[in-house]
Engineer: 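Before anything else, here's the structure in question.
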Amino acid sequence: MTLSPRIARYDQVLLDLDGCVWLGDEALEGAPEAVSALRDAGKSVAFLTNDVRHAPEEFVRKLWRLGFQAALSEVVTVGSVVQFLLSERDGGAAFVVGAQALVDDVAEAGLRIVNRTEFATRADVVVVGAHERLSYEEIRIAAQAVLRGAELIGATRDATFPMPDGPWPASGAVLAAIEVA
């Protein structure tokens with residue numbers, strides 16, 4: 001596979017995962033070959049995702065399973081960006097609406113996680129990301145914390161993300177529910 005002149009002039013290529021490299025659990029047609037061609041041409045590749053449901057290691061495993069070569073250092077998640085931004089804070093308490101991967105990112109930033117404690121509604125910051133086990137209780141606690149003065153941080157504002165059976169609600173949809181409440 002030869003590179004198009006448009007891409008050949010770049011040394012580094014950023015690739016979005018959901019809907020661009022894969023859809024659900026299937027690589028998009030020609031995507032593994034295209035990434036291989038980039039590497040063969042000496043291009044540096046980074047895989048980007050705003051999916052906060054999984055840790056970077058899980059994305060690397062999925063990339064390999066779908067026929068892509070990938071290193072952990074090549075995967076950049078929105079969770080790691082949230083972690084970087086929160087690490088500039090002087091600690092504090094956080095209530096996290098999200099999967100364990102996002103909870104881990106927030107904790108790694110130096111914030112004390114107050115999920116499932118009596119202090120949840122008194123968090124200093126509420127961090128929001130989509131996850132499959134989202135509950136009304138999480139939305140209620142997050143809204144109460146924000147109404148009490150917690151800073152509200154959304155991982156993304158994406159309303160949906162692509163899946164084989166149609167769009168699924170994403171972090172922006174969960175964030176909107178909390179904002180409206």
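Every value quoted in this text rests on a predicted model; they were computed, and no experiment measured them.
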Engineer: Which heavy atom of Arg148 sits nearest a heavy atom of Arg122, and at what distance?
Structural biologist: CD-CG, 4.5 Å
Engineer: If you look at every heavy atom in Ala145 and Val126, which pair is closest and at what distance?
Structural biologist: CB-CG2, 3.7 Å
Engineer: For Val52 and Gly129, work out which heavy atoms get closest and say how close.
Structural biologist: CG2-CA, 3.6 Å
Engineer: Which pairs of donor and acceptor atoms, one on a side chain in residues 89-105, lie under 3.5 Å apart (sequence neighbours left out)?
Structural biologist:
from	atom 1	to	atom 2	distance (Å)
Arg89	NH1	Glu151	OE1	2.5
Gln100	NE2	Asp104	OD1	2.7

Engineer: Thinking salt bridges, do Arg61 and Glu58 make one under a 4.0 Å N-O criterion?
Structural biologist: no
Engineer: How many angstroms lie between OG1 in Thr2 and CG in Asp40, if you round to the nearest 0.5 Å?
Structural biologist: 12.0 Å
Engineer: Would Leu48 and Val45 show up in the same hydrophobic cluster when neighbours are defined by side-chain heavy atoms closer than 4.5 Å?
Structural biologist: no
Engineer: Rounded to the nearest 0.5 Å, how far does CG of Leu23 lie from CD of Glu29?
Structural biologist: 13.0 Å
Engineer: Testing the basics here: between Ala170 and Ala130, what is the closest heavy-atom pair and its distance to 0.1 Å?
Structural biologist: C-CB, 3.6 Å
Engineer: State, with a plain yes or no, whether a side-chain heavy atom of Trp22 is found less than 4.5 Å away from one of Lys62.
Structural biologist: yes
Engineer: Please determine whether residues Phe47 and Val82 belong to a single hydrophobic cluster, defined as Ile, Leu, Val, Met, Phe, Trp and Tyr linked transitively by side-chain heavy-atom distances below 4.5 Å.
Structural biologist: no
Engineer: Mind checking whether Leu72 and Val35 sit in one hydrophobic cluster, side chains of I, L, V, M, F, W, Y counted as touching below 4.5 Å?
Structural biologist: yes
Engineer: Which distance, rounded to the nearest 0.5 Å, do you find between the CG of Asn50 and the CG of Asp16?
Structural biologist: 6.5 Å
Engineer: For the atom pair CG (Asp18) and OG1 (Thr49), what is the distance rounded to the nearest 0.5 Å?
Structural biologist: 5.0 Å
Engineer: To the closest 0.5 Å, what do you measure between CG (Leu85) and CD1 (Ile153)?
Structural biologist: 7.5 Å
Engineer: Using 0.5 Å steps for rounding, measure from the CD atom of Gln12 to the CG atom of Leu38.
Structural biologist: 12.0 Å
Engineer: Can you hop from Leu17 to Phe68 via hydrophobic side chains spaced under 4.5 Å?
Structural biologist: yes
Engineer: Look at the rings of His54 and Phe59 and say which category their plane angle falls in: under 30° parallel, 30 to 60° tilted, over 60° perpendicular.
Structural biologist: perpendicular
Engineer: Kindly give the heavy-atom pair with the smallest separation between Pro32 and Gly67, and that separation in Å.
Structural biologist: CB-O, 3.7 Å
Engineer: Report the residues that fulfil ring pair (Phe, Tyr, Trp, His ring centres under 6.0 Å) with Trp168, sequence neighbours left out, ordered by chain and then residue number.
Structural biologist: Phe161
Engineer: Taking the side chain as C-beta and beyond, is there a heavy-atom pair between Leu63 and Val75 under 4.5 Å?
Structural biologist: yes
Engineer: Check the side chains of Gln144 and Arg140 for a donor-acceptor pair under 3.5 angstrom, ignoring hydrogens and angles.
Structural biologist: yes
Engineer: Check for me, please, whether Leu134 and Leu152 land in the same ILVMFWY cluster - side-chain distances under 4.5 Å, paths through other members count.
Structural biologist: yes
Engineer: Do Glu179 and Val146 have side chains that approach each other closer than 4.5 Å (heavy atoms only, starting at C-beta)?
Structural biologist: no
Engineer: Under 3.5 Å, side chain of Ser36 to main-chain N/O of Glu33, donor-acceptor pair present?
Structural biologist: no
Engineer: Looking only at non-hydrogen atoms, find the nearest pair between Glu74 and Gln69 and report the distance.
Structural biologist: OE1-O, 4.2 Å
